[in-house]
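No hydrogens, no waters, no symmetry mates; every other heavy atom, side chains included, goes into these values.
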There are 2 protein chains.
Amino acid sequence: MLTNMPELSRGDDAAAVNALRSAVMRLSRRLKHQRVDESLSPTEMSVLGTLARCGHATPGELARKEHVQPPSMTRIVAMLEAKGLVRLEAHADDRRQKVVTQTEQAEAMLEESRRKRNAWLAELASGLDEDEWAKVRAAAPVLEKLAQL
Amino acid sequence: MLTNMPELSRGDDAAAVNALRSAVMRLSRRLKHQRVDESLSPTEMSVLGTLARCGHATPGELARKEHVQPPSMTRIVAMLEAKGLVRLEAHADDRRQKVVTQTEQAEAMLEESRRKRNAWLAELASGLDEDEWAKVRAAAPVLEKLAQL
DNA sequence: CATGTTCGTTAGCATAACTCATTACCTTTT
DNA sequence: AAAAGGTAATGAGTTATGCTAACGAACATG
């Protein structure tokens, strides 16, 4: 909580936020290049990731979650369906809406992708010493929480 | 160091790497939307960031650092020059090459951009409790190191 | 039942990356 | 010294991925 910290740590907070922002941006840029399937765009991958978390969602929900406009999501979902990575079904209560579900094939691909990026990141992390890695390990769950606030 | 950790923490390491990857990807996607200047693409911003770190560089060097093809960098540099954010000069030793330097205007804009993203991230971080934030603060410098390994 | 709203989609456009080809310059070889 | 090959930047054209505007179908409300 930055708004009501004791005076002494204000500067540290600013430095930490700055370091964090910088590190996140750079790491993400490099992680992006570790795609398992070159034929899938980052957003398409991201949609699959969201589906893996939520189980299923309507195109509109997906568009909001990915910060993308609905027409873009239409095309993305169509692309994913054409590749056999998602299924489209009719919504139970509302016939305007559709429900997007991921296929087993998508699950497998996503797992492979996670495995590859994790391997790359772990390789990078081997450049840290024991103490440094301990700090990262402690912060990892917090960062995950931070990302979904 | 993941390769030679005691058996007990292997599982924790994998989980941490996984959480870290996921958090970095999501945070970066949201940070990207916090652009200070909508007329500059993420890569163009990134080039300015690189220049701020290195002082100056040739288009070719920039292309390699940004993982972009040389023709793309030509266009990016031209755009930045047109906006008065970089200067192009002749290379001292090699007349094929050019040297790209950032202007004072770029420095100011970059600082403004950092400030905005930091503010956004800090706002987000206010959703953490004291203990969680302490872990992030401890890990931040390590993450920065990790990103440039 | 009439009107307005929401959802997904279609069509058309803008941007920013890529590949391939070209020009200018350096380096090495003969 | 001249020729051959390599490297830097760039130009032209293509592809990918997002956007906005406009639309039809299904719901919700007066």
Side-chain angles (χ1 to χ4, degrees), chain A residues 25 28-35 37-51 54 56-83 85-101, chain B residues 25 28-35 37-51 54 56-83 85-101:
Chain A
M25 294 299 280
S28 74
R29 198 129 33 85
R30 297 175 64 182
L31 273 166
K32 226 168 262 163
H33 287 278
Q34 296 301 118
R35 289 201 229 170
D37 186 343
E38 292 297 329
S39 70
L40 248 56
S41 80
T43 307
E44 287 166 348
M45 280 300 296
S46 180
V47 168
L48 289 183
T50 299
L51 283 177
C54 305
H56 56 80
T58 68
E61 286 168 350
L62 288 173
R64 278 188 294 274
K65 287 189 188 184
E66 302 296 330
H67 296 103
V68 150
Q69 295 303 308
S72 304
M73 190 49 69
T74 293
R75 215 172 20 192
I76 289 166
V77 167
M79 179 68 79
L80 291 175
E81 190 190 22
K83 288 182 182 165
L85 297 170
V86 303
R87 247 189 322 273
L88 268 87
E89 293 151 19
H91 190 104
D93 306 336
D94 187 341
R95 273 179 301 172
R96 289 172 306 181
Q97 302 187 54
K98 298 179 180 174
V99 177
V100 186
T101 327
Chain B
M25 294 299 280
S28 74
R29 197 129 34 83
R30 297 174 65 183
L31 273 166
K32 223 170 265 162
H33 286 280
Q34 298 299 118
R35 291 199 228 171
D37 186 344
E38 293 297 331
S39 70
L40 248 56
S41 81
T43 308
E44 287 166 346
M45 280 299 298
S46 180
V47 167
L48 290 184
T50 299
L51 283 177
C54 305
H56 56 82
T58 69
E61 286 167 351
L62 288 173
R64 280 187 293 275
K65 287 189 187 182
E66 302 296 330
H67 296 102
V68 151
Q69 295 303 308
S72 304
M73 190 50 67
T74 293
R75 215 178 41 76
I76 289 166
V77 167
M79 178 69 79
L80 291 175
E81 191 190 21
K83 290 185 181 163
L85 298 169
V86 303
R87 247 189 323 274
L88 267 86
E89 292 151 21
H91 189 104
D93 306 335
D94 187 340
R95 272 181 302 173
R96 289 171 305 179
Q97 302 186 52
K98 298 179 180 175
V99 177
V100 187
T101 326

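With contacts defined as side-chain heavy-atom distances shorter than 4.5 Å, the pair A:L40/A:K83 qualifies. The closest side-chain heavy-atom distance from A:V100 to A:P59 is below 4.5 Å. Taking 4.5 Å as the limit, every side-chain heavy atom of A:L62 sits out of range of all side-chain heavy atoms of A:V68. When side chains are defined from C-beta on, A:S41 does not count as touching A:M79, because their heavy atoms never get closer than 4.5 Å.
Among the atoms of the strands shown, only primed sugar atoms or phosphate atoms (P, OP1, OP2) are found under 4.0 Å from some heavy atom of B:P59. At a threshold of 4.0 angstrom between heavy atoms, the contacts of A:T74 include nucleobase atoms, whether or not backbone atoms are also involved.
A:E44 pairs in a side-chain contact (heavy atoms from CB on, under 4.5 Å) with only one of the listed residues (A:I76, A:L85, A:V86, A:V77), which is A:I76.
Going from atom NZ of B:K98 over to atom C1' of D:dT10 covers 8 Å, rounded to whole Å. Counting to the nearest Å, the C1' atom of D:dC27 and the CD atom of A:Q97 are 10 Å from each other. The separation between A:R75 atom CZ and D:dA16 atom C1' is 8 Å, rounded to whole Å. Going from atom CG of B:D93 over to atom P of D:dA9 covers 13 Å, rounded to whole Å. Rounding to whole angstrom units, CD of residue B:E61 and P of D:dA8 are separated by 10 Å. Across the protein-nucleic acid pair, B:I76 atom CD1 and D:dT10 atom P stand 12 Å apart, rounded to whole Å. If you measure from atom CZ of A:R95 to atom C1' of D:dA28, you get 14 Å, rounded to the nearest angstrom. Between the CE atom of B:M79 and the P atom of D:dA9 there is a distance of 19 Å, rounded to whole Å.
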Could I get a table of every N or O pair under 3.5 Å where one atom is in the protein and the other is in nucleotides 20-25 of chain D?
none

Bracket string, DNA chain D, 5' to 3' - pairs by Watson-Crick or G-U geometry under 3.5 Å, | interstrand: ||||||||||||||||||||||||||||||

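Here chain A contacts DNA chain C (any atom closer than 4.0 Å to a heavy atom, that is under 4.0 Å), and the contacts span C:dT6 to C:dT10 from 5' to 3'.
Between B:P42 and A:T58, it is A:T58 whose nearest contact on DNA chain C lies nearer the 5' terminus.
Under the 3.5 Å distance criterion, the side-chain polar atoms of A:T50 are matched with a main-chain donor or acceptor of A:S46.
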